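Accompanying notes for the structure given below.
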Amino acid sequence: MQAWTIDPGALGGLSLQDTQEPAPQAHELLVQVEAFAPNPGDLAALSGQAAGSIPGWDGSGTVIAPAADGTGPRAGDHVLFLGLAAQGWAQRRAVPVAMTAVAPPEASWEHLATLPVPATSALRALRKLASILGRRIMIVGAGSAVGRIAVQLAARAGAHVIAVARDEGQHQELRRLGADEVHSTLATVTTRVHGAIDLIGGQHLVDAYALLEAGSTVIALGHAAGADEHFPYGAFVSDTTTANRSITSFFLGSETDLSAEMAYLAADSSLDVGALDVRSWTRLAEWVAQGAPRTSGRPVFRVERSK
Ligand SMILES: NC(=O)c1ccc[n+]([C@@H]2O[C@H](COP(=O)([O-])OP(=O)(O)OC[C@H]3O[C@@H](n4cnc5c(N)ncnc54)[C@H](OP(=O)(O)O)[C@@H]3O)[C@@H](O)[C@H]2O)c1
């Protein structure tokens with residue numbers, strides 16, 4: 001089979017190579033990969049991987065062979081999957097049953113490929129905020145892939161959703177997705193919130209913490225700004241309105257058994273992942289070499305059966 005492998009001397013540091021077929025373990029199934037949509041984490045991890053290794057965490061495809069232990073999807077099922085051990089930018093891959101879900105056959109490969117990392121991160125992070133019905137929940141970086149799913153799921157769960165996105169061109173869309181308030185910056189959010197998910201970090205995280213009500217939490221899920229966090233004196237000096245607030249980190253790789261969540265997310269055709277920019281996977285290295293731009297939507301790569 002063919003796969004994109006780490007090749008430091010090549011365009012984008014990747015080359016499409018003939019590689020060995022995957023060898024699934026007993027709890028893994030073999031999948032014909034149909035599409036994948038690179039995540040910021042996939043791209044950040046490229047520089048740390050050994051030459052010859054195959055990057056890529058998640059995607060969508062058809063089951064070629066079920067797991068030898070008899071569990072999970074059957075041959076021919078359409079699935080979405082996630083494996084942080086990488087190996088995803090390939091024609092075929094092995095994935096653990098616990099990180100795979102059967103998708104409705106009518107769902108497009110491109111749509112399914114966008115869901116695993118962003119949508120399960122949004123769902124699991126919202127669960128950590130516990131009951132959000134009727135509560136003010138803030139999504140910082142709401143225009144991101146994780147953010148727009150978090151807005152939709154929080155609205156469905158009955159929250160009063162406060163979306164923060166620096167690009168005002170996204171504000172109408174965020175309202176359509178269920179946001180009750182939309183802000184370009186945290187400076188205009190004036191009422192305290194019950195919980196927050198921050199995708200940006202840096203000053204955004206500092207400001208999000210300052211907006212928490214007593215006993216509530218901000219989940220520092222993303223760090224897209226790549227900036228330090230400096231908390232001023234007084235940030236952690238509490239009174240009755242600000243006691244017991246917390247910041248917690250999040251790592252999808254520590255979340256186990258995402259099958260049920262992926263099945264729920266894949267079955268919901270109303271979940272809106274936004275515009276997609278569908279390309280042939282043969283153009284992956286060129287896109288990475290250009291700095292992985294997002295011009296007309298989230299890039300999704302369709303995997304061809306032969307080069
Ligand atoms: N902890 C985990 O397990 C986990 C899981 C999933 C994702 N993540 C992280 O979560 C973050 C979001 O992921 P994603 O896939 O949703 O990313 P994405 O779709 O690439 O979106 C990134 C967002 O960050 C915004 N942004 C970048 N720099 C900014 C800045 N300086 N100020 C304000 N906004 C800024 C961008 O805004 P514009 O559109 O205006 O440029 C864009 O909306 C990433 O850091 C990712 O690595 C972590």
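Residue numbers count from 1 along this sequence. Just follow the structure's listing: the first ligand is 1, and inside any ligand the first atom is 1. These numbers were taken from a predicted model, which means no experiment stands behind them.
Of the N or O atoms in Gly147, none lie within a sub-3.5 Å distance of an N or O in ligand 1. Below 3.5 Å of separation, one finds an N or O of Leu221 facing an N or O of ligand 1. The shortest N/O to N/O separation between Phe250 and ligand 1 falls below 3.5 Å. No N or O atom of Ser121 sits closer than 3.5 Å to an N or O atom of ligand 1. Distances between N or O atoms of Asp167 and those of ligand 1 include no value under 3.5 Å.
Between Phe236 and Tyr209, the angle of the ring planes lies from 30° to 60°, which puts this pair in the tilted group.
Remark: ligand 1 atoms within the under-4.0 Å shell around heavy atoms of Leu252 are 2 (C), 3 (O). Of all the atoms in ligand 1, the ones that sit under 4.0 Å from a non-hydrogen atom of Val117 are 6 (C).
His111 places no side-chain N or O within donor-acceptor distance of the main-chain N or O of Ser269, the cut-off being under 3.5 Å. Between the side chain of Arg124 and the main chain of Ser121, no donor-acceptor pair closer than 3.5 Å is present.
In terms of protein heavy-atom proximity, atom 39 (O) of ligand 1 is closest to Gln170 NE2, 4.4 Å. Closest to atom 23 (C) of ligand 1 among all protein heavy atoms lies Ser144 CB, 3.6 Å. Among all protein heavy atoms, the one lying closest to atom 45 (O) of ligand 1 is His223 N, 3.1 Å.
Classification of Glu213 and Arg245 as a salt-bridged pair fails, no side-chain N sitting under 4.0 Å from a carboxylate O.
Judged as a salt bridge (charged side-chain N to carboxylate O under 4.0 Å, His left out), the pairs with a partner in residues 71-99 (not counting sequence neighbours) are, in order, Glu21-Arg92.
Screening Leu276, Asp277, Val278 against Ser296 for a side-chain contact (heavy atoms from CB on, under 4.5 Å) leaves a single residue, Asp277. Of the residues Val161, Thr191, Asp180, the one that meets the side-chain contact (heavy atoms from CB on, under 4.5 Å) test with Arg136 is Thr191. If you run salt bridge (Lys or Arg N to Asp or Glu O under 4.0 Å) between Asp272 and each of Arg298, Arg176, Arg156, only Arg176 comes through.
At least one heavy atom of Gly143 lies less than 4.0 angstrom from ligand 1. Within the 4.0 Å heavy-atom shell around ligand 1 one finds His204.
Closest to atom 16 (O) of ligand 1 by heavy atom, among Thr114, Val146, Asn39, is Val146. One option in Arg166, Arg294, Arg124 has a heavy atom closer to atom 37 (O) of ligand 1 than any other, and that option is Arg166. Considering Ala37, Gly222, Pro40 only, the shortest heavy-atom separation from atom 13 (O) of ligand 1 involves Pro40. Considering only non-hydrogen atoms, atom 11 (C) of ligand 1 lies nearest to Leu199 out of Ile200, Leu199, Asp198.
Under the 4.5 Å side-chain criterion, counting only non-hydrogen atoms from C-beta, Val33 is not in contact with Gln91.
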Requested in this report: In sequence, state the C-alpha distance, the side-chain angles, and the governing distance for Trp57 and Phe36, and then conclude on ring pair (Phe, Tyr, Trp, His ring centres under 6.0 Å).
Outcome: CA-CA 9 Å; Trp57 291 339; Phe36 57 80; over 10 Å; no

